[in-house]
Protein chains: 2
Amino acid sequence: MDFQNLTFIFVFYTYRTKYAMTETNNQYNPSLSVDCVIFGFDSKQLKILLVERSGPYQTNPQLKLPGSLVLKNTKLEVYANQVLKELTGLNEIYLKQFYTFGNPDRIKTPEDIEWIENTYQVTIERVVSISYYSLVKIDQYNLNLSEESYHAKWYNISDIHELAFDHMEIMKKGLEALRQELIYNPLICFELLPEKFSLRELQDTYESIQGIEYDNRNFRKKIGKAKYIIQLNEKQLGVAHKPALLYKFDKEQYQTNRLELIKFFI
Amino acid sequence: MDFQNLTFIFVFYTYRTKYAMTETNNQYNPSLSVDCVIFGFDSKQLKILLVERSGPYQTNPQLKLPGSLVLKNTKLEVYANQVLKELTGLNEIYLKQFYTFGNPDRIKTPEDIEWIENTYQVTIERVVSISYYSLVKIDQYNLNLSEESYHAKWYNISDIHELAFDHMEIMKKGLEALRQELIYNPLICFELLPEKFSLRELQDTYESIQGIEYDNRNFRKKIGKAKYIIQLNEKQLGVAHKPALLYKFDKEQYQTNRLELIKFFI
DNA sequence: ACAAAAGTGTTGTCAATACACCCATGC
DNA sequence: GCATGGGTGTATTGACAACACTTTTGT
C-alpha cells in the first residue's frame, strides 16, 4: 500500500467527521466518558479485560480499557453496565465507581484526540473519565462475541506495562481501590470465584489482589470462623494430588452477619 | 414591589442569557461542576460550610454546598482549591475527591436549572458533579470576606436537613467517605484541630466524625502508643476545671511511621 | 513410590474491652 | 467546698503471627 496516499485519506477523514459533528445534534456528551477496569480471576492470577483501539489510520494498535463517551441522558451506572454487557454478555455484575479523572491534558496526543473524535463523531476539549471497576467470574461465560467485534481479551495484570490514553494510571488506581475494598468487604472475592471453590482458590484470590502471601494455617482459621462460607460434601475431581474440599458462599448468612465482618480481614 | 412585574423581568433575564450563551464562546464547561463538602471542627462539633444560593428571582433562598461549574482547561483539583481559597482565604487545605454524581436528572427542577444557567450564562443538559471534601481548622481564620460576598457560614451537621439541588445526598456521601478515611488515616484529625490541642479535643474529633463514643481510658492508651503525638509542657488556661495538657502533632514522625499506623485506629 | 498440593495445632504476644475513682482548677 | 472535666490501672479475652509435618490422591 502507498503510504503517502494513506496519509491523505486519513487527514481527509478526520476533517470530514469534525465538520459533520458541528452540523448534527450528536448524541454523545463530548466531555464525559465512562471507563471500566474489569477484573477477573482464573483460579490462578488476577486479570483484566482489555480491548484493542482500532481504526483505519492507526499506526500502533494499542490496548485500552473498555469504555466510551456517554450518551446524553443516560445514567452513568447504566452506561457502565452496557459496556459490560456488550463485552461479557453478563448483566448485574459487581460495579463500583472509584475515581474520576479530569485533568484537561489527560488526552493530549493528536492520535488520541483524533481517535476519539472519529470514533464518536464529536469535537472534544476536555474529557472527564468517570471510572468504575467491576468483578466477573472468568469461567462463567465466553468472550466469543466480543472477541470478534472488539478483540477483547484477558491479560495478566503483571504483564501490562503500557496502555492507550492515561489508562495505565486508571488501572493502577482501580487496583488500589479494589485492594482497599477487599479489606472491608470479603464479599468481593465471591464475585471473582466460581460457585464452588476450594479454600486454596479463595486464598489465591486474596493473595493475587493484595500482592502478598498469607500463612496458610492462619488463613484457614479465619475462614473457619466465617459462618457465610459453607463446606460442601464435594471434592475436586481429576486433580493429580489430594483433592480439596469445595465450599460455597452463603449470601443470606453474609447479610445477617454483615456488621461483625467489617473488621474481619485486615 | 409589584410581583407581576418582577416575574416578567425574571423571564426576560433568563432568555437573554440563554441567547447570549449560544453566541459566545463561554468559558464554563456546562457539563462539569466541582462541589466541596468543607468540614470544620470547633472543638465541640463537626460542622460544614454552606453558602446561600441567591438571585433576583429566588422565592426561597436555599443553602447549598460551595462549588461551581468548572472553567474549560482548568484542573479539577486546582478549581476545587480556588473555591476553597475564595471562601476561606486559605491555600493548601486537605482536599480529597470522594465521588462523582452524574445522574441525568440530578438537577431537575426549573428553578435549579434556571439558577445555574443564569449564574454561569450557559445552557445545561446534564451536569456531572465531581465532589471533594476538605478539612479546615475553624479557628485559624475568619470568614469575613466570604460572609459578605457569599454568605458562607458554618452549620452543625446535625442541624442540616435540606439543601439545594442534590447536595444533601452529596453531603451524606462525603461524611461517609470521611468516616471511612479516618479509620486508615489518623492524619486527618490534625487537619481539623488547632496546632495545640488536648486529648479530649482529639477524642471529640473522632467521636463527632464517627458519631460514636470511645472509652476515655482506652482511647488514651492508644494515643500513648502513637509516637507522632507529642506532649507539650503547656496546659489549658482559663478553664473552670483541671486544665488539660496540650499536645501537638509531629508530621515527621508520622511520615516515618506511616506503615505501622495503617491498622491503628479501628 | 513418588510428586503435589491439602490439611492440621500450639504457643507467645499484644491489642481490645470493660470498668470506677481521684485530681486540679475556677468560682 | 463544690462543680467540672482531666486523668489514671487492672484483669480478661481474643486475635494475630510464627512455625513444620502428616495425609490423600493421581500417575
Side-chain angles (χ1 to χ4, degrees), chain A residues 42-45 182-184 186 193-194 196-208 210 212-227 229-248 257 259-266, chain B residues 41-45 182-184 186 193-194 196-208 210 212-248 257 259-266:
Chain A
D42 64 352
S43 298
K44 267 289 166 247
Q45 288 199 65
L182 179 58
I183 292 171
Y184 279 94
L193 286 167
K196 299 170 183 181
F197 53 87
S198 70
L199 293 188
R200 166 51 54 183
E201 287 171 323
L202 182 59
Q203 187 174 341
D204 283 340
T205 311
Y206 267 85
E207 292 183 347
S208 67
Q210 301 293 11
I212 55 176
E213 296 194 352
Y214 294 86
D215 179 276
N216 171 261
R217 280 163 291 189
N218 295 335
F219 187 85
R220 281 159 182 270
K221 264 180 274 180
K222 279 190 177 180
I223 298 297
K225 285 177 225 147
K227 297 182 199 117
I229 298 177
I230 314 289
Q231 197 181 98
L232 301 170
N233 287 327
E234 284 182 67
K235 292 179 180 182
Q236 283 178 319
L237 296 173
V239 289
H241 52 75
K242 177 173 177 177
L245 277 165
L246 295 179
Y247 293 75
K248 70 165 186 172
N257 299 346
L259 282 177
E260 359 166 342
L261 293 167
I262 288 180
K263 296 184 185 177
F264 208 68
F265 281 104
I266 298 267
Chain B
F41 184 70
D42 65 352
S43 298
K44 268 289 166 246
Q45 289 198 65
L182 179 58
I183 291 172
Y184 280 93
L193 287 167
K196 299 172 184 178
F197 53 86
S198 70
L199 294 188
R200 167 50 54 182
E201 286 171 323
L202 181 58
Q203 187 174 340
D204 283 340
T205 311
Y206 268 84
E207 293 183 347
S208 66
Q210 301 293 10
I212 55 176
E213 296 195 351
Y214 294 86
D215 179 276
N216 171 261
R217 279 163 291 189
N218 295 335
F219 186 84
R220 281 159 182 268
K221 263 181 274 181
K222 279 191 176 178
I223 298 299
K225 284 177 224 146
K227 296 183 200 116
Y228 58 93
I229 298 177
I230 314 289
Q231 196 182 100
L232 302 171
N233 287 325
E234 285 182 66
K235 292 179 180 182
Q236 284 177 320
L237 296 173
V239 288
H241 53 75
K242 178 172 176 177
L245 277 165
L246 295 179
Y247 292 75
K248 70 166 186 172
N257 299 346
L259 283 179
E260 0 165 343
L261 292 168
I262 289 180
K263 296 185 186 176
F264 208 68
F265 281 104
I266 300 269

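Every chain is numbered from 1 and lettered A, B, ... according to where its sequence line falls, protein lines coming before strand lines.
- Atom CG in A:L237 sits roughly 18 Å away from atom P in D:dT24 (whole-Å rounding).
- The nearest whole Å value for the distance from the CG atom in A:D204 to the C1' atom in C:dA6 is 13 Å.
- Distances shorter than 4.0 Å separate none of the side-chain N or O atoms of B:K242 from OP1 or OP2 on C:dC22.
- If you check every strand for non-hydrogen atoms under 4.0 Å, B:L245 touches sugar and phosphate atoms only.
- Residues B:P243 and B:Q236 come closest through the heavy atom pair CB-O, 3.3 Å.
- The side chain of A:K235 lies closest to D:dT25 when the candidates are C:dA15, D:dT25, C:dA6.
- The shortest heavy-atom contact between A:Q45 and A:D42 is N-OD1, 2.7 Å.
- At a threshold of 4.0 angstrom between heavy atoms, the contacts of B:R220 include nucleobase atoms, whether or not backbone atoms are also involved.
- For the pair A:K222 NZ and D:dA17 P, the computed distance is 6 Å after rounding to whole Å.
- Taking the six-membered ring where tryptophan is involved, the planes of B:Y214 and B:F219 are tilted, since the angle between them lies from 30° to 60°.
- Taking 3.5 Å as the limit, the base of C:dA18 and the side chain of B:N218 contain a donor-acceptor pair of atoms between them.
- For A:K221 against C:dT10, a side-chain N or O and a base N or O form a donor-acceptor pair under 3.5 Å.
- Side-chain atoms of B:P243 lie closest to C:dT25 of the nucleotides D:dT25, D:dG26, C:dT25.
- With rounding to whole Å, B:E213 atom CD is found 14 Å from C:dC19 atom P.
- In this structure, CZ of B:R200 is placed 13 Å from P of D:dT8, rounded to the nearest angstrom.
- The side-chain contact (heavy atoms from CB on, under 4.5 Å) search around A:E234 returns A:K196, A:L232, A:L246, not counting sequence neighbours.
- In this structure, the OH atom of B:Y214 is 18 Å from the P atom of C:dA15, given to the nearest Å.
- Remark: A:R217 is not in phosphate contact with C:dT8, judged by side-chain N or O atoms under 4.0 Å from OP1 or OP2.
- Between B:N216 atom CG and D:dT4 atom P the separation is 18 Å, expressed in whole Å.
- Contact detail for A:Y184 and B:I183: the closest heavy-atom pair is OH-CG2, 3.1 Å.
- Summarising the geometry, the separation between CZ on A:F197 and P on C:dA5 is reported as 20 Å, rounded to the nearest angstrom.
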